[in-house]
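Below is one structure, written out as structure tokens; the observations come after it.
Bear in mind the structure is a predicted one, so any value in this text is a computation, not a measurement.
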Amino acid sequence: VKVQEAYDQGLRRATPPEVQLRLQHHDEILSTLRGDRIGACTAPSTLRPLVRWVKVRCYRAYYITDVGVLGGSLTRGHLANIKMCTVSVTLLFFCFVAFYVFVYALRLDDNGVVAGILRGVVFALGLEILLVAPVLQFLSHGVAPLVSATLLKSDLEALAPCAGVYGHGEGAEGSSLTAW
């Protein structure tokens with residue numbers, strides 16, 4: 001554990017001073033996140049560590065965006081390559097499934113079974129494309145950030161009067177909190 005901490009400190013010291021300042025700001029904000037409140041409600045004492053853990057994860061996932069690749073070590077180009085590979089593998093898989101059904105149909109020599117299998121595959125793919133994918137995107141890109149913002153709102157509003165916490169000088173003027 002100490003080796004990892006020393007390694008992390010070495011990486012931080014190797015970054016430019018502006019990035020070090022942003023990291024300090026985020027560390028200060030992370031150290032002030034508490035688990036005693038969930039929005040306007042008081043959390044039970046048994047759930048406070050869990051609430052704080054969730055708040056820290058939400059803050060790291062949705063708010064630390066101005067420190068380069070702090071959230072992960074992958075570049076955008078690398079992520080685009082991973083996405084392209086994933087899409088390619090998925091398309092190849094579906095082509096393989098369609099080919100398998102076609103070969104099965106030739107061996108079985110029964111058009112009714114083949115048509116039923118193909119209809120089932122097309123229905124499943126269409127259902128995934130038209131219904132499941134938009135719902136999952138809504139949940140991951142709409143609901144999850146909303147829940148994160150709601151959980152962190154009271155903690156971050158308490159920090160708004162701090163000087164320079166959001167990189168906008170004194171107070172919350174011009175910060176993202178005013179939009180809430």
Side-chain angles (χ1 to χ4, degrees), residues 4 8 11-12 15 18-19 21-44 46-98 118-160 162 165-168 172 174-180:
Q4 183 64 36
D8 290 343
L11 286 177
R12 283 180 178 229
T15 59
E18 301 84 25
V19 175
L21 184 61
R22 289 187 199 130
L23 287 171
Q24 281 181 318
H25 287 174
H26 289 300
D27 285 345
E28 289 296 320
I29 292 171
L30 284 170
S31 69
T32 61
L33 293 178
R34 300 180 325 262
D36 59 345
R37 302 203 55 82
I38 303 173
C41 303
T42 302
T46 56
L47 292 179
R48 288 180 183 175
L50 176 67
V51 172
R52 186 183 189 294
W53 180 81
V54 169
K55 285 182 177 184
V56 167
R57 296 286 178 209
C58 289
Y59 184 81
R60 285 187 175 150
Y62 294 106
Y63 290 91
I64 299 181
T65 58
D66 58 347
V67 193
V69 293
L70 183 66
S73 60
L74 301 176
T75 63
R76 288 182 187 213
H78 190 67
L79 289 173
N81 289 339
I82 290 173
K83 179 183 176 185
M84 184 61 84
C85 289
T86 304
V87 169
S88 300
V89 167
T90 304
L91 288 176
L92 286 173
F93 173 74
F94 287 133
C95 289
F96 172 74
V97 168
L118 288 176
R119 273 190 232 113
V121 169
V122 168
F123 177 76
L125 292 175
L127 187 68
E128 196 277 331
I129 290 169
L130 296 176
L131 293 179
V132 175
V135 169
L136 288 178
Q137 286 183 345
F138 172 69
L139 290 175
S140 65
H141 295 94
V143 174
L146 174 69
V147 170
S148 171
T150 304
L151 279 175
L152 294 169
K153 182 181 177 186
S154 61
D155 289 324
L156 295 179
E157 281 179 338
L159 291 174
C162 296
V165 168
Y166 296 99
H168 298 289
S175 75
S176 61
L177 289 177
T178 56
W180 287 356

Please find the pair of heavy atoms, one from [X] and one from [Y], that lie closest to each other, and give the distance.
X: A43; Y: G35; answer: CB-O, 3.5 Å
X: P134; Y: I129; answer: CD-O, 3.5 Å
X: R52; Y: L30; answer: NH2-O, 2.9 Å

Which distance, rounded to the nearest 0.5 Å, do you find between the [atom1] of [X] and the [atom2] of [Y]?
X: E28; Y: L23; atom1: CD; atom2: CG; result: 12.0 Å
X: F96; Y: L92; atom1: CZ; atom2: CG; result: 11.0 Å
X: I29; Y: H25; atom1: CD1; atom2: NE2; result: 8.0 Å
X: K153; Y: R37; atom1: NZ; atom2: CZ; result: 12.5 Å

**Item:** P44: partners by side-chain contact (heavy atoms from CB on, under 4.5 Å), with sequence neighbours left out
**Value:**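 Scan of P44 (side-chain contact (heavy atoms from CB on, under 4.5 Å), adjacent residues dropped) gives T46, L47.
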**Item:** side chain to side chain contact (heavy atoms under 4.5 Å, CB included) partner of L151, the single match among V54, L33, L146
**Value:**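 For L151, the side chain to side chain contact (heavy atoms under 4.5 Å, CB included) test succeeds with only one of V54, L33, L146, which is V54.
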**Asked** Sequence neighbours excluded, which residues qualify as side chain to side chain donor-acceptor pair (under 3.5 Å) partners of D36?
**Response**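 If we apply the side chain to side chain donor-acceptor pair (under 3.5 Å) test to D36, skipping adjacent residues, the hits are R34.
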